[in-house]
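Counting convention: from 1, in listed order, for ligands and their atoms alike. These numbers were taken from a predicted model, which means no experiment stands behind them.
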Amino acid sequence: MKSLSFEGQRVLLGRLEKGEDILNGLTEFCILNGVRVGSVQAIGAVQRGGVGYYDQAATTYRETRFEEGMEIASLVGNISQKEGEVFLHCHVILADAEGHCFGGHLLEGNVAFACEFVVTALDGPVPERTFDEATGLMLW
Ligand code: ZN
């Protein structure tokens, strides 16, 4: 187990514009606001979207794409650094018109219909993602 400790935090509230890519928009928000470590949560809806599933045996992501509007029932993620750049790792639950949910790793290509978010920025050490032999993932 690894852990870091933080003394202070700053909370920011924001909203993406209709048509913005959610992962890229949230990342850009963090860069513009100097957020290098912390967490993010969001709700709203996508015009189209997709989730990833990490195939542990193949050590690659499988993608499931949706071409219809869906609710963002939940989006949670963390903010750290990868190769010196701000990097968001988010997971999302998308709900269709019947309330059926699909969840997984937030991919690029989730296009906002509406997206309200809260970013909690932490003061302290910035975790850097490095390759983890045991999982094949870039982890902090
Ligand atoms: Zn993930």
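When the side chain to side chain donor-acceptor pair (under 3.5 Å) test is applied to Asp132, the partners found at least two apart in sequence or on another chain are Thr135. With sequence neighbours excluded, no residue forms a side chain to side chain donor-acceptor pair (under 3.5 Å) with Arg15. Scanning for side chain to side chain donor-acceptor pair (under 3.5 Å) contacts around Gln9 gives an empty result, with sequence neighbours left out.
Using modelled atom types, no side-chain atom of Glu85 and backbone atom of Lys82 make a donor-acceptor pair closer than 3.5 Å. The closest donor-acceptor contact from the side chain of Glu128 to the backbone of Glu83 lies under 3.5 Å.
Once rounded to the nearest 0.5 Å, the distance linking OH of Tyr53 with CZ of Arg62 reads 5.5 Å.
Listed by chain and number, His89 NE2, His91 NE2, His105 ND1 are the protein N/O/S atoms closer than 2.8 Å to the Zn ion (ligand 1), with waters left out.
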